[in-house]
Protein chains: 2
Amino acid sequence: MTTPATHTPRGPTTRNDVARYAGVSTAVVSYVVNGGPKKVAPATEAKVQDAIRVLGYRPNAAARALKLGSSETIGLVIPDNSNPFFSLLAHAVEDAAAERGYALVLTNSDGNLAKERRSVRNLAARQVDGVLLASVLFDPDLEDLEKANIPWVLLNQDHKIAGVNGVGVDLAAGAQAAVQHLIGHGHTSIGLVMGTNVGNDVDDRELGWLRALEEAGLAEGPIARSSFTRSGGYEAGKRLLAAATRPTAIFASSDMQAVGILRALHEAGVAVPGDIALASFDGSAESEYTWPALTTVEQPVREMAEAAVEGILKARRKGEPQQRIFPTTLRVRQSCGCPGVFA
Amino acid sequence: MTTPATHTPRGPTTRNDVARYAGVSTAVVSYVVNGGPKKVAPATEAKVQDAIRVLGYRPNAAARALKLGSSETIGLVIPDNSNPFFSLLAHAVEDAAAERGYALVLTNSDGNLAKERRSVRNLAARQVDGVLLASVLFDPDLEDLEKANIPWVLLNQDHKIAGVNGVGVDLAAGAQAAVQHLIGHGHTSIGLVMGTNVGNDVDDRELGWLRALEEAGLAEGPIARSSFTRSGGYEAGKRLLAAATRPTAIFASSDMQAVGILRALHEAGVAVPGDIALASFDGSAESEYTWPALTTVEQPVREMAEAAVEGILKARRKGEPQQRIFPTTLRVRQSCGCPGVFA
DNA sequence: ATGAAAGCGCTAACAT
DNA sequence: ATGTTAGCGCTTTCAT
């Protein structure tokens, strides 16, 4: 008696096998598995549950998706999952999605527009129920998604665009607060290390930096543009150091860049914050452990992720396009010149 | 003439719509879309391609998955995508999967066994074609996967276990090399900061540390155990600093821990590598930008990801279980005491 | 070279 | 309360 006698289905157990084993119809199995839409007698339900357990039945998600037109899956397209900001965002999105019963399909565009488009198309073909897109572009092409009638939400969407679902952060206000803080420390020459965006759009962090300077009646400090990476920051930092008018403070558009700047400053024997103070943007975990610890503008990543996933669900229910711009929080640590435990 | 006259299907375009529009059978559309298994006359093919373009047809992946019994999707379960090591791994896995036409479903277990099991079950139910699992456990329960007949590969699988598909790295050899290097700098008291594993299994990095010490005839240095995080390293670093016999060098089981240790040392005014030298494990991008830059044992993450994805595909083709243990590379930078650009 | 048709596993409207 | 059954969109064997 090595085999359960009655039948040994070749493939994995199906709903049909369960029905046969429990001596009921397939509909009843469905009702039990899904808890509806019809009621089932307790005794019958027990029989079915039993059959399910004995047979080790697992519903086939593909069949369900085909029937229902929904895969309970959302797609996420980010430039680079090894960038701490995006990896945290991806984690938060996965949590938010899982909480609602959705799985997350992750794709990296590597800052490459062609790859981004390919990812989006691919996700659309896979019948995901929504796409979260952190585009390399300011104003990405969403035609594929629109055609396929797949809801989407733009991440990192910091400008308001009419008719666009987006979540983002108030870049300008955040940057402005950081620079104001630097100004509060008495700095009058504040440089900017700014990341470069694919579309050459002006980043609102630059605006915030400018505004704070203007507001305080200060001259525009030197600017170094580079990629949003550690090595980009490193290069930019060296350039700023070599500039004719070396600033006494620097605002960096990302924590990763600040980490690179820090290295450039250390290598040059420049004391931070003594000789040059530093503040940056993102609020990554890494920023808390640099030396000195970075004063940084923190983005509410978890809230943004929740809002993004909710945005997809709302869009599926035919809600109006929504934009959520979140406020940031200035995390004051030591790189700005504030006395820490060890100033 | 606002509507294409003939028909306005309610839902998205199906293969049927295409067939009708092109005046062919649905089979032909299939042949064209999939490039087989039958040949199609060039003229017919053109008609079909045309219909596809005009109608904006996209194949329904769910239907295809149902029919073929494969979703062209693989699942990845990692403890924490915001941990730099795993985020890099996830990125590499996504690349490897995408290259082969597979999408990646990402889930985080948050170091929580219950969540890990839930993830695995969920992936199994979703008919993924394989699961890549970086378990919190040494010897995880793979019953769900086995029952569902879903191939799996264990990541971070550093021991050989019979009949188990796994890829990993030679932890002991890597750790040993790092400690040997520290010994080469003349250190005789080398502490260990070791992460704690859920199952309380002895980590081979500890073994490697021990071996190097024994081999050199040195006494066992002090050990501080903590979580595999920056804050874990920070706490452990402080403990080692307070120990009766303060070591002159420390080997840390992860870069993140080393980052925390670095902070503890800086705060205590201990010079690195002058007073205490440091080496760690992983080879993360962050390790290159700490101050001083970390000497670290680099894992070949991309190769491991490739091997893992290949392992899934091989298992689908009914290959024998395989284990690939990769060698590591010692990246010598400044934290160990080697003269850098700025020693 | 092309087409007809069976059926993948599931859901739910419509019987009974 | 339970059963019957028609598809969801696709692939592919077996005709023609």
Scan [X] against the nucleic acid and name what it touches under 4.0 Å (heavy atoms): base, sugar-phosphate only, or nothing.
X       : answer
A/Val33 : nothing
A/Ala41 : sugar-phosphate
A/Val29 : nothing

For the residue pair [X] and [Y], confirm or rule out a side-chain donor-acceptor distance under 3.5 Å.
X        : Y        : answer
B/Arg118 : B/Asn122 : no
B/Arg324 : B/Asn165 : no
A/Arg64  : A/Ser70  : no

Nearest-nucleotide pick for [X], side chain only, options being [options]:
X       : options               : answer
B/Ser25 : D/dT12, C/dG3, C/dC10 : C/dG3
A/Ala27 : C/dA13, C/dA4, D/dC10 : C/dA13
A/Leu66 : C/dG9, C/dC10, C/dG3  : C/dG9
A/Lys39 : D/dA1, D/dC14, D/dG9  : D/dA1
A/Val24 : C/dA12, D/dG3, C/dC10 : D/dG3
B/Lys67 : C/dG9, D/dT4, D/dG9   : D/dG9

[X] [atom1] to [N] [atom2], straight-line distance once rounded to whole Å:
X       : N      : atom1 : atom2 : result
B/Arg20 : C/dG3  : CZ    : C1'   : 16 Å
A/Asn60 : C/dT11 : CG    : P     : 9 Å
A/Leu68 : D/dA6  : CG    : C1'   : 15 Å
A/Tyr31 : D/dG3  : OH    : P     : 10 Å
A/Arg64 : D/dG7  : CZ    : C1'   : 17 Å
A/Asn34 : C/dG9  : CG    : P     : 17 Å
B/Asp17 : D/dC8  : CG    : C1'   : 13 Å

Partner of A/Arg100 by salt bridge (Lys or Arg N to Asp or Glu O under 4.0 Å), out of A/Glu310, A/Glu94, A/Glu72: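 Only one of A/Glu310, A/Glu94, A/Glu72 forms a salt bridge (Lys or Arg N to Asp or Glu O under 4.0 Å) with A/Arg100, namely A/Glu310.
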
Is the distance from OP1 or OP2 of [N] to the nearest side-chain N or O of [X] less than 4.0 Å?
X       : N      : answer
A/Tyr57 : C/dC10 : yes
B/Arg15 : D/dT11 : no
B/Thr26 : C/dA4  : no
A/Asn16 : C/dC10 : no
A/Thr14 : C/dG9  : no

B/Thr107 side chain to B/Leu76 backbone, donor-acceptor under 3.5 Å: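 Pair found, side chain donor or acceptor close to backbone of B/Leu76.
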
A/Asn83 side chain to A/Asp80 backbone, donor-acceptor under 3.5 Å: no

